[in-house]
Protein chains: 4
Amino acid sequence: MAQKNINIVSMREHVDTEADHFFVRIVAEAHTDADVLLNDFRTSLPEDAVISVNPEPEKKIILLVTKEYHCLSDILIRNHFKTLGAKVQCVIGNHAVLQDICMRFEVPFFVVSHENKSKDEFESEMLEVVDKYPCDYLVLAKFMRILSPAFVKLFPMKIVNIHHSFLPAFVGANPYKQAYMRGVKLIGATAHCVTNDLDEGPIIAQQIIPVNHTYTTADMIKAGKEIEKGVLAKALKMVFEDRVFVYRNKTIVFE
Amino acid sequence: MAQKNINIVSMREHVDTEADHFFVRIVAEAHTDADVLLNDFRTSLPEDAVISVNPEPEKKIILLVTKEYHCLSDILIRNHFKTLGAKVQCVIGNHAVLQDICMRFEVPFFVVSHENKSKDEFESEMLEVVDKYPCDYLVLAKFMRILSPAFVKLFPMKIVNIHHSFLPAFVGANPYKQAYMRGVKLIGATAHCVTNDLDEGPIIAQQIIPVNHTYTTADMIKAGKEIEKGVLAKALKMVFEDRVFVYRNKTIVFE
Amino acid sequence: MAQKNINIVSMREHVDTEADHFFVRIVAEAHTDADVLLNDFRTSLPEDAVISVNPEPEKKIILLVTKEYHCLSDILIRNHFKTLGAKVQCVIGNHAVLQDICMRFEVPFFVVSHENKSKDEFESEMLEVVDKYPCDYLVLAKFMRILSPAFVKLFPMKIVNIHHSFLPAFVGANPYKQAYMRGVKLIGATAHCVTNDLDEGPIIAQQIIPVNHTYTTADMIKAGKEIEKGVLAKALKMVFEDRVFVYRNKTIVFE
Amino acid sequence: MAQKNINIVSMREHVDTEADHFFVRIVAEAHTDADVLLNDFRTSLPEDAVISVNPEPEKKIILLVTKEYHCLSDILIRNHFKTLGAKVQCVIGNHAVLQDICMRFEVPFFVVSHENKSKDEFESEMLEVVDKYPCDYLVLAKFMRILSPAFVKLFPMKIVNIHHSFLPAFVGANPYKQAYMRGVKLIGATAHCVTNDLDEGPIIAQQIIPVNHTYTTADMIKAGKEIEKGVLAKALKMVFEDRVFVYRNKTIVFE
């Protein structure tokens, strides 16, 4: 890279001895086109190397939501003040309640109801919207429907979800109710890539907060929202800055 | 209590509206005998109230261990310097490796091997040792055998265990291996009362630490030991200071 | 209270033996008027007891801001979705940049510039705005001017500020620059009541996040914003739910 | 390094653009002598590069203590079970109270009283003991005397101290008393390299725990001990594994 007059700003590596794999993220200043660089790397690196050259982003994203406002609003605010590291192209909701908040920030909102439709129809309608926009990532910002394998397959490791529990504890529905019943002393949230296995995709970020005997299920839900939006924000920052590498069912996150 | 010239130092309450129960912990200075006080409370409070009057402890405890030294040593040090809030009567190990460290602190150590014995025989031998000492609590300080319902029944809510995961994630064996395979970003430890359901007893305390892609299973085990001993120490402090109330399968912890 | 048919939902006490003071917060369901209750307490409790009876709030608040959007937006969102526990009456900014975001939520915004004015004139103009609204608390949501003792005196323990450091470290200006220069491994934020001593008022809540050698001052500022808004949100929740008691220069917070 | 048949296991870099410096830590498997390697690097790297080649440690350390047992015991236990990553050569105490615990682990203990001596005499006597052993680091495990610049100069960046506060808050004596008086909601501990400026050396690790209005100064001291030993343990791990680079008054810690 020195030959090419590329100035390395930072470099992070990870050797996975078990998997016999090597991962490297380089931030560099270059006056060369991304395509040219990519080609250079392709010819000089081993054939089976996975290479990606990203001009400083702005990633483009589409949000899927249902009724809860806390994650969506947090993203809309960052988007509005241009600190998200990505541009929200539009928001798709299977309910209409969050249309108003999107309108306030001039972000296009599309209602695609799941009611009285097969999953296939529902997802086709969503895809029609998605296809209108260039899009690097889909973000499920408290989207409460399970996506089909066929849908997920269209966006491999390009869908980020926030799950309202410290996975793998409390997989599935009503994790806070489960947490309350079990009497845990910590509750958590998990941001992960979506795969075909529900709540089983590669984890990007997790965080917890302490709770105690005074918390009802409703209190846990309320407290949980605070970390849900925090964890999702952190995961998106990592993703949008190209810091997340997925290998098998795990992530390497170069923070 | 004012009539009796009892000076209340602190008072904590919890109303469980769902269970229609009321819990109160009072710390008071009194010049009356504990028995007399208990009797007074019994006559003045409703018949179904559960009442306990504890003179400032020193609780007496017996430790059960296997091979790992970190929790045991932490307790032995506190016991030696009289900051544990309890007195270690003796230690029972199903292996002999931890005998040496106990000897260094003049704490009696008994080897009760589980090998070539039925669980019943093994536990009977342990009980023989336990019966030699007054004992308020059994502490499983990384004791790697599962106790039988018959044994547990003898010490209702009087056995405290440290589990090397953030329950209910990774129940059972090799939680760190499970955590590694799942690619979690946090690992945890849980101190809980032992009931007949493995890893399902009331949780007293939990804590986590962040991990990342550089952690092997061995690294997680090593890092986990640090929180295991911390969480167990915290739970024991709460238990020994009579701050833990168990109701159904949960704890109220008046920290 | 039983006589009056008042149902106690929760009760928290604190005995400050050093100060010889007793603090109690009672949440109760009553069918009596607040004024009547207050009078009852006044006649039955010692003369020097400080008593306050608060119907379930909604507190009314006014925000003071300068240019940074993160704390303000977080509060506006909660206000908009009615989860703040208070109603934002209006926002006063000494710059106009945050007018737009307030307009989007139909919250009145007043520009009161500090330029070419004495502090006295500046504060008088702000007071003119404040006086238009019923107001329980002033919240300094990254308000970058120092208020005069005369102004503070008008709102005793009724002004909440968010300071961008873990007080008492890095008092005064540019705390993140100071933190960067010192090479700390944690940065923090502090929500406190405003008194005449800059950054010295009673602390309500504090929180920290880890940083490391890769953080520039700019990175610390960015990371710090996340905890600033989190700590302020938590402190406001405590304040609005009447959980914060101030005595001398400290708070009792019944969480 | 490939030419020399050196297998890189892990590599971490840091570019300090402000200081125009580059730091790199490489873990590698080699069959070459450390001296030979060092020489190779010296000839191939720029003249002003600071190079150090460390065979897998075992570092050798000497502890300085006063009366508090918690940090010392934690280190002695790890030393005894060979998980410290270093070997404790001996312990020097300016009081005799910790002699007993050292004896229990067959670690030589030397009483060097500071009483009725000039600082110069006191330190000379300590140096006499230190000089008896090969020693890579001095660890101040709650050593309550301030070392002279002359003494510190003998061990540049080779003395690690644990300070019982979240520096730079509460520099100097009685930090917990200061913390109590200020009414903080978090207390902390800081492990740092010792320089001539009291409590001002490069910070290696910091950690905090939440406290509240129920904590007396004594409670804070007790709670603080738990993080003091934790932070010191973490910092020592980093130091002993050659993960800490000191530049100017800051550390780069390749965790």
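Throughout, a chain's letter reflects where its sequence line sits, starting with A, and its residues are numbered from 1. These numbers were taken from a predicted model, which means no experiment stands behind them.
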Open item on the list: Holding to side-chain hydrogen bond (donor to acceptor under 3.5 Å, both in side chains), I want the full list of residues that pass it with D:Asn79, two or more places apart in sequence or in another chain.
Closed with: none
- [ ] Return yes when atom NZ of C:Lys60 has more than 12 non-hydrogen atoms of other residues, nucleotides or ligands closer than 6.0 Å, and no otherwise.
- [x] yes
List, one per line, each side-chain donor-acceptor pair under 3.5 Å for residues 138-151 of chain D, sequence neighbours excluded.
{"unit_1": "D:Lys142", "atom_1": "NZ", "unit_2": "D:Glu228", "atom_2": "OE1", "d": "3.1"}
{"unit_1": "D:Arg145", "atom_1": "NH1", "unit_2": "D:His114", "atom_2": "NE2", "d": "3.3"}
{"unit_1": "D:Ser148", "atom_1": "OG", "unit_2": "D:Glu123", "atom_2": "OE1", "d": "2.5"}
{"unit_1": "D:Ser148", "atom_1": "OG", "unit_2": "D:Glu123", "atom_2": "OE2", "d": "3.4"}
{"unit_1": "D:Ser148", "atom_1": "OG", "unit_2": "D:Ala150", "atom_2": "N", "d": "3.4"}
{"unit_1": "D:Ser148", "atom_1": "OG", "unit_2": "D:Phe151", "atom_2": "N", "d": "3.1"}

Task: Proximal component of D:Glu200, with respect to chain C [non-hydrogen, under 4.5 Å] - done: both
TODO: Anything in residues 210-225 of chain D with a heavy-atom distance to chain C below 4.5 Å? Please list those residues in order.
DONE: D:His213, D:Thr214
Task: Heavy-atom contact with chain C under 4.5 Å, split by part of D:Thr251 - done: both
Task: chain C contact residues among residues 177-195 of chain D, heavy-atom distance under 4.5 Å - done: D:Tyr180, D:Met181, D:Arg182, D:Gly183, D:Val184, D:Lys185, D:Leu186
Open item on the list: Taking NZ in D:Lys119 as the centre, count heavy atoms belonging to other residues, nucleotides or ligands within less than 6.0 Å. Is the count above 12?
Closed with: yes
Open item on the list: Which one wins on heavy-atom pair count under 4.5 Å against chain D: C:Asp16, C:Ile208, C:Val253, C:Asn249?
Closed with: C:Val253
